[in-house]
Structure formats: structure tokens, C-alpha cells
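All of these numbers come straight from a predicted model, not from anything done at the bench. Letters A, B, ... mirror the listed sequences (proteins, then strands); counts begin at 1.
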Amino acid sequence: MTQDTTSNPTDFIRDIIDDDLKTNKNNGKVATRFPPEPNGYIHIGHAKSVCLNFGIARQYQGTCNLRLDDTDPAGESMEFVESIIHDIRWLGFDWEDRLFYASDYFEKIYQFAIELIKSGNAYVCSLSPDEIRELRGTFTEPGKDSPYRNRTIEENLDLFGRMRAGEFADGAHVLRAKIDMAAPNIVMRDPIIYRIKREPHYRTGTKWVIYPMYDFAHCLSDALEGITYSICTLEFENNRPLYDWIVERLITGLRPRQIEFARLNLSYTVLSKRRLIELVQEGHVKGWDDPRMPTVTGLRRRGYTPEAIRNFCAQIGVAKNDNLIDVALLEHCIREDLNEHAPRAMCVLHPLRVVIDNYPENQVEQFECANHPQNPEMGTRKIPFSKVLYIEQDDFMENPPKKYHRLGPGREVRLRNSYVIKFESMVKDDRTGNVLELHCTYDPDTLNGPPADGRKVQGVIHWVSAQHGIPAEIRLYDRLFSIEDPGSEENFVKYLNPNSLEILTTCYVEQNLKNAEPGNQYQFERLGYFCVDAKDTAAGKPVFNRVVQLRDSWAKIAKN
RNA sequence: UGGGGCGUCGUCAAGUGGUAAGACACAGGACUUUGAUUCCUGCAUUCGGAGGUUCGAACCCUCCCGCCCCAGCCA
């Protein structure tokens with residue numbers, strides 16, 4: 001169904017905001033942020049969060065900042081920052097001048113740490129990583145205090161300053177919040193808030209050798225930016241008490257509130273950064289923008305539109321239930337968009353030569369065809385017809401089953417936008433028995449209507465004039481995995497769909513598509529939606545990616 | 001089982017004490033020069049289970065069951 005764009009979505013987060021607005025909690029202010037770490041490309045799960053955060057800002061006339069959460073230099077890079085910026089813009093969102101980096105707050109965050117030490121709420125711990133883990137306890141046993149827990153403020157200040165100055169080796173000391181080693185929530189057992197890490201940062205270079213941990217940096221970054229709603233995914237629910245603990249101690253006035261929602265899971269693909277990286281690095285796909293990837297860049301290259309992705313995000317809703325969204329919904333959303341906007345064209349994937357015996361040898365007719373069957377405003381184009389054509393191999397059967405409406409011995413069929421033709425004979429390969437060529441005759445009176453004698457012609461098939469068609473490479477994509485929830489399998493690579501990509505090199509598209517614009521989508525009638533590949537298309541030599549197939553009720557009938 | 005969270009149609013998801021929205025999927029049918037689109041129709045006497053409160057419960061209470069998250073100097 002088409003979304004009513006005048007009505008805003010509703011969900012538990014918006015309910016909270018509505019309540020806050022009623023009580024004027026933040027003086028009517030609504031400020032969100034989207035905080036990706038620049039260590040990978042964003043995917044459709046991020047898109048859900050982008051739509052949520054930017055969508056809320058738009059709906060309530062508030063703001064949404066883009067903040068790169070770059071507190072761990074390992075793996076972070078400008079390449080990822082740029083891709084993230086590009087992808088979010090492409091999705092249709094704007095942060096104006098509010099592009100921020102957690103790394104820009106390093107000095108301020110450091111000062112906050114000093115403040116925490118001074119108030120007796122943090123200490124430098126000199127245990128080894130193993131020892132810290134040891135003393136942390138388990139789910140059922142409380143932890144034990146670090147022997148360094150009661151260092152004096154002066155000593156802590158001195159040590160922390162020297163940590164920053166680079167006097168110690170990586171891992172020699174950490175700064176910890178002094179909370180409660182017996183807390184039932186493990187997050188609260190004196191969490192580490194600063195570590196020494198001699199790793200050059202893509203933005204701050206070697207200026208810092210200590211970096212704040214997520215729990216410390218994130219809430220303070222939110223506060224620094226005046227965020228009112230810090231929306232994140234469910235796995236951070238355990239961290240919320242720490243978020244509040246820090247903010248309560250260091251921030252006066254407006255304090256941001258963390259709200260968690262369930263992250264997106266999509267069937268037949270994986271959405272965790274770790275797994276996506278593995279797919280790329282181990283060469284299971286051809287890169288982050290492989291059209292089979294659920295990344296925004298992959299979806300874009302596949303031919304998905306921002307509208308379809310936004311609509312998908314609106315349809316799935318926002319809640320706290322773990323979910324596994326049927327990829328059929330995503331496919332529905334792109335079909336819905338492309339059905340309305342993509343111009344139609346004809347293309348033969350698996351060509352079968354057809355000679356129209358009663359058509360003059362050198363004649364060529366140009367048929368004026370609608371670019372869209374329901375929308376005349378999309379105009380028309382000319383398609384050449386001649387004696388020799390290509391049709392789809394599937395559209396001819398020597399021994400057709402019942403209900404098959406296409407071509408076969410003794411049968412007639414309508415050529416889309418053209419004449420009705422009748423089967424006359426076929427030429428077979430002597431050795432293999434394969435049908436090499438069909439001979440048909442056409443009925444010249446059927447161009448603009450059904451046969452005058454009332455004959456019923458049920459089938460309509462697509463075609464391309466052999467001498468006019470443009471050879472094209474067409475890539476047929478299918479789901480990347482063969483099981484619904486590969487993300488739940490430890491050895492998920494085992495379930496890759498071996499047929500997720502089929503490359504066809506003997507296809508013919510109508511000549512109008514010879515110089516089709518990279519990135520543009522078309523509906524190849526009766527086949528599906530296709531997108532001109534933006535990377536591998538060369539002048540006059542188009543490469544198409546299949547976005548999604550058309551719904552195919554024949555396929556269902558044929559199965560039975 | 002120490003803490004946190006979640007259980008409403010195959011998949012999502014509304015519903016917040018007044019008698020189960022919607023979407024996708026699926027199944028029929030109409031129309032059709034795309035077996036597409038569009039259009040009709042059907043699709044939870046029941047809300048994880050069992051008790052209880054109430055005139056009335058998916059919504060309140062009790063107990064039970066199941067699933068997810070947390071023991072990175074990742075985010």
C-alpha cells in the first residue's frame with residue numbers, strides 16, 4: 001500500500017517525545033543524533049536508525065546531528081567517514097552544519113575525566129587485562145575491588161596526566177569509574193573509561209595515546225551537543241545505568257536520555273559489521289558495493305532507490321521485539337517505487353531466433369510504444385521491427401503444458417507492442433535436439449488490436465529485433481544466503497547461496513538503451529526491474545543489474 | 001538464572017480495562033497487448049501458558065514457560 005505521507009509514524013519513542021512535549025520537559029526541544037563509528041560502510045540496519053533519528057527531527061522540527069563516534073582508532077578511517085556521509089545524503093537526509101566527531105571532544109572529555117577523579121569518582125587502575133577480568137567476577141559472583149581502588153586523588157591525577165603524556169606502555173594503566181564491584185549489572189563494576197593505546201588516529205594523528213571508551217565518550221558527546229534523545233539499539237540497555245551515572249555526575253541542566261530500540265534483522269542476509277567485513281575480506285562478494293550486499297552502497301548499485309528504502313524503514317516500524325524482517329517486504333518496497341517510476345523497455349535474456357517468413361526481407365517498421373502503461377506522461381519511444389527477431393527461450397515450448405499461454409507448435413502469440421505471430425516450423429540441432437530457430441508468420445492486421453475474426457490470443461511475449469538489438473551483459477542477483485537467518489549461524493559462510501549471481505553475456509536490449517545513463521532503472525517487461533550498473537558500464541556497452549524480479553504468478557502455476 | 005529486556009496471524013506491528021488496526025506473505029476471483037500493475041474476497045472467537053481481580057482483561061495481579069543481551073583496555 002502507498003504510504004500516507006501526510007501522517008507521521010507512531011512508535012514508543014515518539015510516544016515518549018509526545019509526553020515530554022506535553023510537560024515541556026526540554027523546553028520543547030527535540031535533538032537527536034546518528035552516531036556511526038567510521039570503521040565500515042553503513043547498511044540497511046543503519047538506515048533504519050538514520051530514518052528514525054532524522055525522521056524524528058524532521059517531524060518535530062528539531063535537529064539531528066551526524067556524529068562520527070571515532071573513539072577507537074583501530075579500523076577507523078576517512079574512507080569510511082566519506083562513505084557514511086555520502087550514503088546518508090543519498091538516503092535523503094541533511095544535518096546542515098552539524099557534522100561532528102567525538103574526536104573533536106577529546107580534550108573536553110579528558111577534562112571531564114579529571115573532574116571525575118577530583119570528585120573521587122574515578123581512579124587509575126594498574127592491573128593487567130587478565131587481572132581486571134579476574135576481579136570483575138561473573139554473572140553469579142560479585143567482583144572484587146582492585147588494589148588500586150583507593151589511590152589518592154593526587155596520585156590518580158598524577159598518573160592520569162602521565163598516561164596522557166605517554167609515559168606508560170599500552171595496557172599498563174587504565175582509568176576506571178569508581179562505582180561498585182558488587183553491582184549485579186556487570187557494566188557497573190568499575191568500568192574502564194580510558195585506555196592507553198598507541199595507535200595513530202585518522203583525525204588526531206599521534207596527539208593522543210589515551211582514548212576514552214564508548215561509555216564515557218558517548219554520553220558526554222551527547223550532552224555536549226545538547227542531545228535530548230540518545231536513541232540506540234537494545235544491546236546498550238545494560239549500559240544505560242552507566243550512561244546516567246556519568247551524566248549525573250558531570251552534567252548540569254539538560255541531560256540527554258537514552259532510549260533503546262530493536263535493531264533490524266533481514267532474512268537471507270547478515271547485518272553485523274563483523275560478518276559483512278568477513279564477506280568482503282574473504283572475497284565472498286566483490287566489495288562493499290557488491291549489489292548482493294545489504295550495505296547502502298550495495299543496495300544503491302543494485303538499483304534500490306532512497307524512497308524505497310525509506311518506505312521500507314517506515315513499514316517495519318520501531319519496537320523492542322527481536323525481529324527478522326522478511327526480505328520480501330524490502331522487495332515489495334522497491335517494486336512499488338519502480339513500478340510507478342521506471343520506464344518500460346524490452347530485453348531478451350536468453351535469445352531464441354525467430355524468422356517471420358511472410359515479412360519483407362529488408363523492411364523495418366518503427367512502432368511507437370508507451371514508456372509506461374498507466375502513465376502517458378512518461379511518453380513514448382520508437383521500437384524497430386524486422387524480419388528476424390529474438391524472443392525468450394522460455395517463451396517457446398515444443399510440448400507446452402496446460403495453461404501455458406506462450407508459443408508452441410500450432411500456436412499464436414502476441415508480440416508485445418507488435419503483431420500477433422503464428423508458429424510455422426522449427427529448426428533443431430541434429431546432435432543435441434535443441435531448438436535453434438523458429439519460423440513464424442505474422443498477421444498484419446493485428447498491430448493495433450485483436451484479430452478481426454475474433455480469434456483469442458492469450459499470450460504476450462517480449463522480443464527484440466535481431467539487427468537492432470544491443471548486446472548487453474546482464475547480472476541476475478538472488479539472495480546472498482540460502483537460509484533465512486544466516487546471522488544466527490556461527491559458520492554462516494557455509495550457507496552462502498552459490499547461485500546468488502548469474503552473469504548473462506548474450507542478452508539483447510532494445511536499441512534505445514544503448515547509452516542508458518548509469519544508475520537508471522528500467523522495467524524489462526515481463527522480467528523485472530534492472531539498473532544500469534554504475535561501475536562496469538562503458539559507452540555503448542551497457543551492463544545491467546537485476547534489482548528484483550516482477551511478481552510471477554506463472555512460476556507458481558508451473559510448479560504444480 | 002546475577003542483572004537487563006522481550007513474548008499479539010507465516011513475518012513485522014497497532015492496541016495502554018470495553019469486547020483483536022494495518023502492511024508483507026499466502027489463497028481465490030475480476031480486468032489486462034507485461035501470466036506485471038490495478039481491483040475485489042478470504043486469512044488471529046484470540047493475544048506464550050495457568051490461575052486470579054472485574055459486569056467486562058491482550059491490556060491489572062500472581063505463578064510458570066520461552067527467547068534475546070551483558071563477564072572487550074570494541075561500539
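More than 90° away from 0 lies the glycosidic angle of G49(B), which makes this nucleotide anti.
With centres under 5.5 Å and a plane angle under 30° as the test, the ring of H218(A) is not stacked against the base of A75(B).
Note that R164(A) lies in the cation-pi zone of Y110(A), set by a 6.0 Å cut-off to the ring centre and a 45° limit from the axis.
Contact annotation: side chain of D322(A) to base of C67(B), donor-acceptor pair absent below 3.5 Å. Contact of R406(A) with G35(B) (side chain to base): a donor-acceptor pair of N or O atoms is detected under 3.5 Å. Side-chain to base pairing of N321(A) with G7(B): no donor and acceptor N or O lie closer than 3.5 Å to each other. Side-chain to base pairing of E340(A) with U37(B): no donor and acceptor N or O lie closer than 3.5 Å to each other.
Residue-level contact check: F236(A) touches the bases, meaning some heavy atom is under 4.0 Å from a base atom. S128(A) comes within 4.0 angstrom of a nucleotide base, judged by non-hydrogen atoms across all strands. If you check every strand for non-hydrogen atoms under 4.0 Å, Y529(A) touches nothing. At a threshold of 4.0 angstrom between heavy atoms, the contacts of L127(A) include nucleobase atoms, whether or not backbone atoms are also involved. Within 4.0 Å of D552(A), counting heavy atoms only, lies no atom of the nucleic acid at all. R133(A) comes within 4.0 angstrom of sugar-phosphate atoms only, judged by non-hydrogen atoms across all strands, and of no base. Using a 4.0 Å heavy-atom cutoff across all strands shown, N239(A) reaches at least one base atom of the nucleic acid. Heavy atoms of T446(A) sit under 4.0 angstrom from at least one base atom. Within the 4.0 angstrom heavy-atom criterion, no nucleotide atom of any strand lies near V327(A). Nucleic acid contact class of G449(A) (heavy atoms, under 4.0 Å, all strands): base. Within the nucleic acid shown, I192(A) comes within 4.0 Å of at least one base atom, counting heavy atoms only. Residue-level contact check: L527(A) touches neither bases nor backbone, having no heavy atom under 4.0 Å from any strand.
Around atom CD of E134(A), no more than 12 heavy atoms belonging to other residues, nucleotides or ligands sit under 6.0 Å away.
The side chain of R551(A) places no N or O atom within less than 4.0 Å of a non-bridging phosphate oxygen (OP1 or OP2) of U38(B). At C74(B), one or more side-chain N or O atoms of K197(A) fall inside 4.0 Å of OP1 or OP2 (strictly under the cut-off). Residue R344(A) places no side-chain N or O under 4.0 Å from the OP1 or OP2 atom of U37(B). Taking only side-chain nitrogens and oxygens, S553(A) comes nearer than 4.0 Å to OP1 or OP2 of A36(B). Of the side-chain N and O atoms in K556(A), one or more sit less than 4.0 angstrom from OP1 or OP2 of C26(B). Residue R526(A) places at least one side-chain N or O under 4.0 Å from the OP1 or OP2 atom of G35(B). R195(A) has a side-chain polar atom (N or O) that falls below the 4.0 Å cut-off from OP1 or OP2 of C74(B). Between T71(A) and C74(B) there is no side-chain polar atom (N or O) within less than 4.0 angstrom of OP1 or OP2. Put simply, H332(A) has a side-chain N or O that comes within less than 4.0 Å of OP1 or OP2 on C24(B). At the phosphate of A75(B), neither OP1 nor OP2 sits under 4.0 Å from any side-chain N or O atom of R263(A).
If you measure from atom CG of D215(A) to atom P of A71(B), you get 11 Å, rounded to the nearest angstrom. As a whole-Å value, the separation of L330(A) CG from A25(B) C1' is 14 Å. A71(B) atom C1' lies 14 Å from atom CG of D190(A), rounded to whole Å. The CD-C1' distance, from E336(A) to C24(B), rounds to 11 Å in whole Å. Between the OH atom of Y268(A) and the C1' atom of G10(B) there is a distance of 12 Å, rounded to whole Å. Computed from coordinates, the E37(A) CD to A75(B) C1' distance equals 5 Å when rounded to whole Å. Taking atom CD on E392(A) and atom C1' on U34(B), their separation rounds to 13 Å, with Å as the unit. M188(A) places its CE atom 22 Å from the P atom of C69(B), with the value rounded to the nearest Å.
Distances were taken from every side-chain heavy atom of K403(A) (C-beta onward) to each of G4(B), G35(B), C70(B); the shortest belongs to G35(B).
Partner assigned to A58(B) is none, using Watson-Crick or G-U wobble distances below 3.5 angstrom. Within the shown strands, G42(B) is the pairing partner of C26(B) under the Watson-Crick or G-U definition, both distances less than 3.5 Å. Across all strands shown, G2(B) forms a Watson-Crick or G-U wobble pair with C70(B), both key distances being under 3.5 Å. Pairing partner, U32(B): none, since no Watson-Crick or wobble contact has both distances short of 3.5 Å. With a cut-off of 3.5 Å on both pairing distances, the Watson-Crick or G-U wobble partner of G7(B) is C65(B). Across all strands shown, A20(B) forms no Watson-Crick or G-U wobble pair with both key distances under 3.5 Å.
Between A57(B) and G48(B), the distance separating the two P atoms is 15 Å to the nearest Å. Only the P atoms considered, G10(B) is 32 Å distant from G4(B), to the nearest whole Å. Distance noted for atom P between G5(B) and U41(B): 43 Å (whole Å). Straight-line distance between the C1' atoms of C47(B) and U8(B): roughly 4 Å, to the nearest whole Å. Taking the P atom of each, C60(B) and G18(B) are spaced 12 Å apart, rounded to whole Å. Taking atom C1' on both G42(B) and A50(B), the two are 34 Å apart, rounded to the nearest angstrom. If you take atom C1' in C43(B) and the same atom in G35(B), they sit 24 Å apart, rounded to whole Å. Rounded to a whole angstrom, the distance from the C1' atom of C9(B) to that of C26(B) is 12 Å.
Contact check on D190(A) versus R149(A) returns a salt bridge, with a Lys/Arg side-chain nitrogen under 4.0 Å from an Asp/Glu carboxylate oxygen. Salt-bridge check for R203(A) with E76(A): failed, with every basic side-chain N at 4.0 Å or more from each acidic carboxylate O. Using a 4.0 Å cut-off between a side-chain N of Lys or Arg and a carboxylate O of Asp or Glu, R257(A) and D244(A) do not qualify as a salt bridge. Residues E225(A) and R67(A) are paired through a salt bridge, judged by an N-O separation under 4.0 Å between the basic side chain and the carboxylate.
Of the residues near RNA chain B, R240(A) and E235(A), the one whose nearest nucleotide (by heavy atom distance) lies more toward the 5' end is R240(A). Mapping P35(A) and N339(A) onto RNA chain B by nearest heavy atom places N339(A) closer to the 5' end of the strand.
Under the 30°/60° scheme for interplanar angles, the aromatic rings of W208(A) and F106(A) are found to stand perpendicular.
E365(A) and Y419(A) are linked by a side-chain donor-acceptor pair at a separation below 3.5 angstrom, with hydrogens and angles left out of the test. Using a 3.5 Å distance cut-off with no hydrogens or angles, the side chains of N53(A) and S49(A) do pair a donor with an acceptor.
Judged purely by atom type and a 3.5 angstrom limit, R263(A) has no side-chain atom pairing as donor or acceptor with the backbone of H46(A).
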